[in-house]
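To start, the structure itself, in structure tokens.
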Amino acid sequence: MYIRDSRDCILEPLSLPESPGGCTTLEGSPSVPCIFCEEHFPVAEQDKLLKHMIIEHKIVIADVKLVADFRRYVLYWKKRFTEQPITDFCSVIRTNSKAPFEEQDDYFLLCDVLPEDRILREELQKQRLKEILEQQQRERYDTSFHGMCMFCSEEFTGNRSVLLNHMAREHAFNIGLPDNIVHCREFLEILQKKLDNLQCLYCEKFFRDKNTLKDHMRKKQHRKINAKNREYDRFYVINYLELGKSWEEVQLEDDRELLDHQEDDWSDWEEHPVCAVCLFCEKQADTTEKLHIHMEDAHEFDLLKIKSELGLHFYQQVKLVNFIRREVHQCRCYGCHLKFASKSELRNHMEKTKHISMLPERTTWDQPQYYFPTYENDTLLCALSDSEGDLNAEGLKEDGIPVISEDVSNLQALKQSSVLNQLLQGEGSKSQRKL
């Protein structure tokens, strides 16, 4: 039985610091303070700060790569540690426990087992995603862009997409779709600097002159960037969707999931239609009706009843399904937040404790990031639908969500009314986001 410790209770709303809180830094060169002393380190030297805190103060921050904004994370805990003892937040790890007492050391572990820390990390992630999407939106509509092609020196003005499309079309140099890129100016400056330093963008070798470099990239077909270079990750929106994982890691996880369940014999694959998969186990059904019956009988989870009781429209159903898929994929119970070693252990726990039907608060899953499917081939999402009676004469749901047919002839109207505009503004907003 899980017993909640009194120190886990959060009696007041958490707030993220908006300023360094007494830390004075030069504009454009922010630094991160030590949690316990007045030492400061540049943001780019995060490892030095972590080493300092371990050696000087014996505190270890777990899973640092899963912290979306390390500076604000440190500032938050610097303030909290002045309000309460460190032992109220951290686990104590004693080293050299068999040695004499004077040779023993106590280290403090700060991790997301503490509910306050977990909530802080989640809020930082949401804020970072919101900021990135807002920046992406500004760049989409920016007409003041000015840049030069890296291969033919032709100049381009207007929108960034003009230059990117030119390099992809004329020089076979494709760094991705313009709408998938953020901080485009900085990205192009980094690539141009590498070329100016006579460095190949793909194999990253250096050459003696520009002509040799150009011949190398042309003959070796190296007119592309090195996908394994983590320096580029921050320029792609997909890398902000899930903490600590690059686009390659997310893709590999999906591939491994499929490989684990593929059949050896592919000779009769055409005989099997695309099936919908249960939210909690590997059961597949060739109709959603059969799948709903299975989930109700085997797991006591009635998706249709939940939809009716909560009054969920189509996009809220999408977010709920994607949320459950994500939690089950990560082997985490959404009822009590415990993690398990396998999906079968998670399922046994949730069925035994009745946590399958214990959905969290709507604010937990009704979030913009759950517009993105956990599995891109999730047939269940295609079968979700609104009730016909929920629509009014203008084709809108009662809460203002537009329902658009697939044969809309006015493309501009479709772009302006897209529900994806909710990623940057609240539901029901009238933003004019271009898809």
Not counting sequence neighbours, which residues clear salt bridge (Lys or Arg N to Asp or Glu O under 4.0 Å) with Asp142? List them please. Arg185
Looking at Phe108 versus His57, is the centre-to-centre ring distance below 6.0 Å? no
Would you please classify the geometry between the His222 ring and the His216 ring as parallel, tilted or perpendicular, with 30° and 60° separating the classes? perpendicular
Nearest-0.5 Å distance that lies between atom CZ in Arg326 and atom OH in Tyr375: 9.5 Å
Residues two or more places apart in sequence or in another chain: which of them pass ring pair (Phe, Tyr, Trp, His ring centres under 6.0 Å) with Phe280? His299, Phe301
With sequence neighbours left out, write down each residue that passes side-chain hydrogen bond (donor to acceptor under 3.5 Å, both in side chains) with Lys352, or none if nothing qualifies. none
Suppose we call two aromatic rings close when their centres sit under 6.0 Å apart. Are Phe156 and His146 close by that rule? no
d(Glu39 CD, Cys34 SG) to nearest 0.5 Å is 7.5 Å
Partners of Asp112 by salt bridge (Lys or Arg N to Asp or Glu O under 4.0 Å), sequence neighbours excluded? none
What is the distance from atom CG of Asp233 to atom CG of Asn239, rounded to the nearest 0.5 Å? 4.5 Å
Nearest 0.5 Å, please: how far is NZ in Lys130 from CG in Leu133? 9.5 Å
Between Lys78 (side chain only) and Cys37 (backbone N and O only), is there a donor and an acceptor less than 3.5 Å apart? yes
Say whether, by atom type as modelled, one donor and one acceptor occur between the side chain of Thr143 and the main chain of Gly158 under 3.5 angstrom. no
How long is the span from the CE atom in Met167 to the CG atom in Asn174, to the nearest 0.5 Å? 9.0 Å
Checking side-chain polar atoms at under 3.5 Å, does Arg138 have a donor or acceptor matched by the opposite partner on Gln135? yes
With sequence neighbours left out, what residues match His337 under ring pair (Phe, Tyr, Trp, His ring centres under 6.0 Å)? none
cation_pi(Arg223, Phe151) dist<6.0 Å, angle<=45: yes
Could you list the residues that satisfy salt bridge (Lys or Arg N to Asp or Glu O under 4.0 Å) with Lys354, not counting sequence neighbours? Glu300
Run the salt-bridge test on Glu231 and Lys194 with the 4.0 Å N-O cut-off and return the result as yes or no. yes
Checking Phe187 now: which residues fulfil ring pair (Phe, Tyr, Trp, His ring centres under 6.0 Å) with it, not counting sequence neighbours? Tyr232, Phe235, Tyr236
Short side-chain to backbone donor-acceptor contact, Asn159 and Arg140, under 3.5 Å: yes
Is a side-chain donor-acceptor pair under 3.5 Å present for Arg80 with Gln84? yes
Which residues pass the salt bridge (Lys or Arg N to Asp or Glu O under 4.0 Å) test with Glu154, sequence neighbours left out? none
Verify the ring-centre separation between Phe41 and His52: is it less than 6.0 angstrom? yes
Sidechain N-carboxylate O distance under 4.0 Å for Glu122, Lys126: no
Can you label the angle between the Tyr371 ring and the Tyr315 ring as parallel, tilted or perpendicular, going by 30° and 60°? perpendicular
Run the side-chain hydrogen bond (donor to acceptor under 3.5 Å, both in side chains) test against Thr212 and tell me which residues pass, sequence neighbours left out. Asp209
Verify the neighbour count for atom CD of Glu361: are there more than 12 heavy atoms of other residues, nucleotides or ligands below 6.0 Å? no
With sequence neighbours excluded, residues passing ring pair (Phe, Tyr, Trp, His ring centres under 6.0 Å) with Phe81: Phe36, Trp77, Phe89
If I take atom CD from residue Gln317 and atom CG from residue Leu304, how far apart are they, to the nearest 0.5 angstrom? 8.5 Å
What's the shortest heavy-atom distance between Cys184 and Leu164, and which atoms? SG-CD1, 4.1 Å
side-chain hydrogen bond (donor to acceptor under 3.5 Å, both in side chains) involving Glu327 - partner list, sequence neighbours excluded: Arg332
Side chains of Gln127 and Asp69: do they bring a donor and an acceptor to under 3.5 Å? no
Pairing of Arg325 and Asp378 as salt bridge, 4.0 angstrom limit: yes
One thing to verify: whether Asp215 and Arg218 come together as a salt bridge, which I'm taking to mean a side-chain N less than 4.0 angstrom from a carboxylate O. yes
Between Glu296 and Lys305, is the salt bridge (charged side-chain N to carboxylate O under 4.0 Å, His left out) condition met? List the steps. CA-CA 10 Å; Glu296 185 175 357; Lys305 181 179 179 181; over 6 Å; no
Mind checking what makes side-chain hydrogen bond (donor to acceptor under 3.5 Å, both in side chains) contact with Asn211, not counting sequence neighbours? none
For a quick check under 3.5 Å, do Asp117 and Tyr73 share a side-chain donor-acceptor pair by atom type? yes
